[in-house]
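Naming: A, B, ... by sequence-line order, numbering from 1 per chain. Values below: all heavy atoms of this structure, side chains included; hydrogens, waters and symmetry mates excluded.
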Amino acid sequence: MDQVVGMEQRTLEDILESFVNSQSIFKNKKALSINYYPDRICFRDNEIQNLVRILGPVLKNEKPSNVFIYGGTGTGKTLVTKYVTNQIKKTAEKYNFPIQILYVNCKMKKVSDTEYRLLAYLCELMGLHVPATGLPTDEVYRRFFNRLSYFNGPTILILDEIDALVRKIGDELLYNLTRCGDEGYDLTIVGISNDLSFTQYLDARVKSSLSEEEMIFPPYNAEQLFEILKDRAKIAFNEGKIDECVIRKCAALAAQEHGDARRALDLLRVAGEIAERNNDSKVEEIHVDLAEEKLDLDRMSEAARTLPKHSKLVLYTILKLLKNKEKVLTGEVQKHYEYLCKQISLRPLTQRRISDIISELDMLGLVNALVISKGRYGRTREISLSVTEDIQNKVLSILHSELFL
DNA sequence: AGTCCACAGGAAGGGCAGGCGA
DNA sequence: TCGCCTGCCCTTCCTGTGGACT
């Protein structure tokens, strides 16, 4: 017995020692996170210079033009904007010039769902607590503007994913914010979006005011993504732990997804994590394949766990129906959903609501829903999946245990 | 050219919960 | 404590729509 225990202990010791002695794959994993700000931003020199030219006058106490920045996901819009505004802030601090930068990601839940919430959040950023509900919206506006004038200097407000804001709450808030420049408040708005179509919902005055200056960020091509990844990999990985061909594969996969640098970094990071977990000596191409699958699975199973009950059931219905075919229509989903509701004694939601839930699932990237017309057989959504059968099965089993057990 | 289908999606509003301020 | 206000989730009612069919 002692002998067995002794052996087990030795094995454990060996494993633990191997952690200490073997050289880790990562040197500084943070370099692969989206929150990492590199010293050098590749392939965005023009954009940086442009933005500095637009926002720079703030340091001369002149009000800069509002800017609207457009470009696909992971094209460096946020990175460049934060980089430039940080530099402006640093310079301002050097000369004791007061300036405040407010950054809001409008896609964040509980931040920009309503006019009230966003204003409350902005007040919080300026150090003023506003209750989550209870006050008339006018009062929150009053407090926000009070706080703005209380700060004795210019403010740059960055509204990231501004399209999400407009879709959720319309353009009234933007109208009020863009007007406040006319009323003596020193506020410059930088709107960032990856969707140009939302501007059609904007009031003409808001549109022209917001787009006093416009910038477009083109997607990175595979070669540029490769260079960006190579730079980051140098910081992130220990020497000899990753080959160029692996980096190239991540770049190529992300380039297929509209040149998304964020996706490329995620792939590289997760591939490294998988290699490390498997105790492999270096990151190989197979790890990238596994990383791609893991990212999809994580995204879907996270949603499967956190969605509200009816959304879970709708997603379950879709996954179930898509086991036998490639595409389903809204009507089929509705019918099967109602059948499942009966099985678990749940009062089904109306078709109108289900239609919205399908849109939400589409927006979350869990399903692909395309509005199509089938002629005299009506207009509907054609719903499909873009994940492997394996992931589909895993998510189905998570949803099954969440819903039926 | 007109009809018709099966929805999409906008608008309005109900009901409930939570929080504020007098 | 109570009236008021907002958020959230949902329903009801309605108009709009693209293209196959007649």
Side-chain angles (χ1 to χ4, degrees), chain A residues 104-124 128-147 163-174 176-177 195 197-203 206 303 306-318 321-322 325 327-342 344-384 402-403:
Chain A
V104 186
N105 183 338
C106 302
K107 248 196 182 153
M108 251 161 75
K109 264 232 167 270
K110 312 277 178 197
V111 168
S112 59
D113 299 352
T114 62
E115 206 175 351
Y116 184 111
R117 280 226 163 130
L118 183 64
L119 286 168
Y121 182 73
L122 292 175
C123 287
E124 295 283 344
L128 175 70
H129 176 69
V130 172
T133 65
L135 297 177
T137 309
D138 292 357
E139 172 60 20
V140 191
Y141 264 111
R142 197 188 60 75
R143 291 189 187 186
F144 170 71
F145 286 128
N146 265 351
R147 196 68 186 184
D163 49 313
L165 174 78
V166 174
R167 276 202 193 86
K168 272 188 258 180
I169 61 176
D171 65 351
E172 183 140 347
L173 176 95
L174 285 179
N176 291 327
L177 290 179
D195 178 7
S197 66
F198 88 99
T199 54
Q200 62 184 303
Y201 306 112
L202 293 178
D203 179 290
V206 178
T306 54
L307 285 172
K309 192 158 191 175
H310 283 284
S311 305
K312 274 182 191 160
L313 195 55
V314 174
L315 181 60
Y316 180 82
T317 307
I318 293 171
L321 291 173
L322 286 175
K325 45 176 136 180
K327 288 163 184 169
V328 276
L329 308 177
T330 304
E332 300 170 71
V333 173
Q334 177 77 25
K335 249 190 221 157
H336 196 75
Y337 157 82
E338 281 171 6
Y339 163 76
L340 289 174
C341 278
K342 226 180 234 170
I344 55 172
S345 312
L346 197 66
R347 196 168 70 88
L349 301 178
T350 57
Q351 184 251 317
R352 178 67 188 85
R353 180 69 191 124
I354 296 303
S355 169
D356 274 348
I357 288 178
I358 293 173
S359 292
E360 286 161 24
L361 295 177
D362 182 31
M363 280 224 307
L364 288 169
L366 301 173
V367 300
N368 303 320
L370 192 68
V371 178
I372 55 153
S373 175
K374 291 163 71 69
R376 72 166 307 158
Y377 302 107
R379 218 167 147 247
T380 181
R381 275 206 196 91
E382 199 176 63
I383 306 155
S384 60
E402 295 264 330
L403 289 164

Validation: residues 310-318 of chain A side-chain donor-acceptor distances under 3.5 Å, sequence neighbours left out:
from, atom 1, to, atom 2, distance (Å)
A:His310, ND1, A:Tyr337, OH, 2.8
A:Lys312, NZ, A:Arg305, O, 3.3
A:Lys312, NZ, A:Glu402, OE1, 2.8
A:Thr317, OG1, A:Leu313, O, 2.6

Listed pairs under 3.5 Å, donor-acceptor, residues 358-373 of chain A side chains, sequence neighbours left out:
from, atom 1, to, atom 2, distance (Å)
A:Ser359, OG, A:Ser355, O, 3.3
A:Ser359, OG, A:Arg381, NH2, 2.5
A:Glu360, OE2, A:Arg353, NH1, 3.3
A:Asp362, OD1, A:Ala369, N, 3.3
A:Ser373, OG, A:Gly375, N, 3.4

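For A:Arg143, taking side-chain heavy atoms from C-beta onward, the closest of the listed nucleotides B:dG21, B:dA8, B:dG9 is B:dG21. Considering only the side chain of A:Tyr116, C:dT6 comes nearest among C:dC10, C:dT6, B:dA8.
Of the inter-residue distances, the one linking A:Ile357 atom CD1 with A:Leu307 atom CG reads 9.0 Å to the nearest 0.5 angstrom.
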(request) Please step through side-chain contact (heavy atoms from CB on, under 4.5 Å) for the pair A:Phe144 and A:Leu177, ending with a clear verdict. (result) CA-CA 10 Å; A:Phe144 170 71; A:Leu177 290 179; 3.6 Å; yes

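The aromatic rings of A:Tyr339 and A:His336 sit tilted, their planes meeting at an angle between 30° and 60°.
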Atom pairs, N/O to N/O, protein against nucleotides 20-22 of chain C, distance under 3.5 Å?
from, atom 1, to, atom 2, distance (Å)
C:dA20, O4', A:Arg376, N, 3.3
C:dC21, O3', A:Arg376, NH1, 3.4

Do any N or O atoms of the protein come closer than 3.5 Å to N or O atoms of nucleotides 1-4 of chain C, and which pairs are they?
none

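Under a 4.0 Å N-O distance rule, the pair A:Glu139/A:Arg143 qualifies as a salt bridge.
For the side chain to side chain donor-acceptor pair (under 3.5 Å) test, no residue two or more places apart in sequence or in another chain qualifies with A:Arg376.
Of all the residues in residues 349-357 of chain A, A:Gln351, A:Arg352, A:Ser355 reach under 4.0 Å from DNA chain B with at least one non-hydrogen atom.
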